[in-house]
Amino acid sequence: MSDAWERLFPRLEELRDLASVGSLLSWDQAVMMPPRGGPARAKVISTIDALTHSRLVDPEIGALLEELRGDDSLDELKRAHVRVLAKSYERATKIPEGLVRALSEESGLAYNAWVEARPANDFAAFAPHLEKLLALKKEEADAVGHDGERYDALLDEYEPDMKTTQVEDMFTDLVGGLRPLVEGVLEVAGDKPAFLSAAYEENRQEQFSQTLVRRLGFEMDAGRLDLSPHPFTQTISAGDVRQTTRTEPNTVLNCVYSAIHETGHALYEQGIPEEVLGLPAGNAPSLGIHESQSRMWENQVGRSRAFTDFLLPQLKDVFPQELGRIDPDEFYRGANFPARTLIRVNADELTYNLHLALRFELEVAMVRDELEVAELPDAWREGMQRNLGVVPETDADGVLQDVHWSLGAIGYFPTYTLGTMYAAAFYRKAEEELGDLAPDLRRGDGSRLLGWLRANIHRHGYIYSAGELGERVLGAPLTAAPLLDYLKVKYEEIYGTAL
Ligand code: ZN
């Protein structure tokens, strides 16, 4: 073995440690920092980001990677570190510095414009920023390179190696199956159970979440659960994985399910071997794979009949007044109550992916120059009518509702749906291999499932690409079928009728 690896490794550790500093700063910004610290903190974070970037694109790293690329004496893990780092290095060095700066400045401006435009319902004020940002993202895609499909280069940042046409095909199958199923379910769903929107004391919600996440296997001596307005999970470094949840005065299930969702992300991070965590191959291979873990715990586990049967008595102990009279059937239906919502983040498991299909369709069309920014609001209304049968009265409840585009995160939305599809497929495989998990879940015991996920997914980090990992676990490429089957069976069971 050449000494190139010995020279590269300290640089990997340095990049990991710089990322750790950035993570701690942004966790603190979202959870602990007093409001007046904002502007100075933003500057500190951008200094750390610039420093990290300059260390990554150091030509010495390029030379070492070049030397190591064909080195057969490296073991599988080291080869994975080299491959993953080479991918980030190439992407980072292909984008000219001027473009990096322009993207960062313009996304800052676009985000600020969005923050004002959404409550003011003023798409016209946001549109020029989105136009500029979209033009820069196309430039970025061209700089990174693609074979005629620019969106591939943008998608690759979040879902490496996945192609636009593959995602289009999966969405076509998924939407084709979902639309009639949603129609059928909504006809029989009836009224929203009243307990879903009663008053629940927020301190008790938080206490309940603390107990619940431990119960699911989240290790508190290697993590924290705090409150923040937008729940998220962030790894600081080995032995330090932090998640947040949110309480709201007029509902308890949002808090419960957002805690279960983030616990899925956090269990994944706690399951990546500590000695590789944060190094190039010590990460999830894609956002879709990461999201598969959160969605599986939230939906396949958390919203199952078995787990809601476990959950209800626990919740009744904490909220005896509010939930004392609720029976298990009603609770299960409530935890899975479907509705035609305008807002993606409020959508239920059944309709959620129809919201994502629209966003994916529109952003691909914009990147392909088939749709102008000015045409977005109309295209949004038309798509909502087509996919969900509801049309927003305002752009605030329509095209302006999500933050992603204002940050230049184009190519991100489909990863939510890929995660949902992976979740259903992985869970089905887990039950094929472990047998029925319902008896475990009825006791609130996710340990057999967690052991399976650790062995089949978590411990591999990024040794395999998302596609390779998926095929290793599933024995076949990902399709929409497991998710469609799962939803159909579940909603037939809930409403006792063929759909
Ligand atoms: Zn998530």
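Each ligand, and each atom within it, is numbered from 1 in the order the structure gives.
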Decide, counting backbone as well as side-chain atoms, whether His261 has an N, O or S atom less than 2.8 Å from the Zn ion (ligand 1). yes
Kindly confirm or rule out a cation-pi arrangement of Arg359 over Phe413, judged by NZ or CZ under 6.0 Å from the six-membered ring centre and within 45° of its axis? yes
Can a cation-pi geometry be assigned to Arg295 and Tyr422, taking NZ or CZ under 6.0 Å from the six-membered ring centre and within 45° of the ring axis?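 Ring-cation test returns no.
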Distance only, no hydrogens: is a donor on one side chain within 3.5 Å (strictly under) of an acceptor on the other, for His265 and Glu291?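 Glu291 and His265 do have a side-chain donor-acceptor pair below 3.5 Å.
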Testing Asp169, Leu155, Asp152 one by one against Lys163 for a side chain to side chain contact (heavy atoms under 4.5 Å, CB included), which residue passes? Asp152
Could you identify the N, O or S atom of Glu291 positioned closest to the Zn ion (ligand 1)?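 The nearest such atom is OE1.
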Which N, O or S atom of His265 lies nearest to the Zn ion (ligand 1), by name: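 The nearest such atom is NE2.
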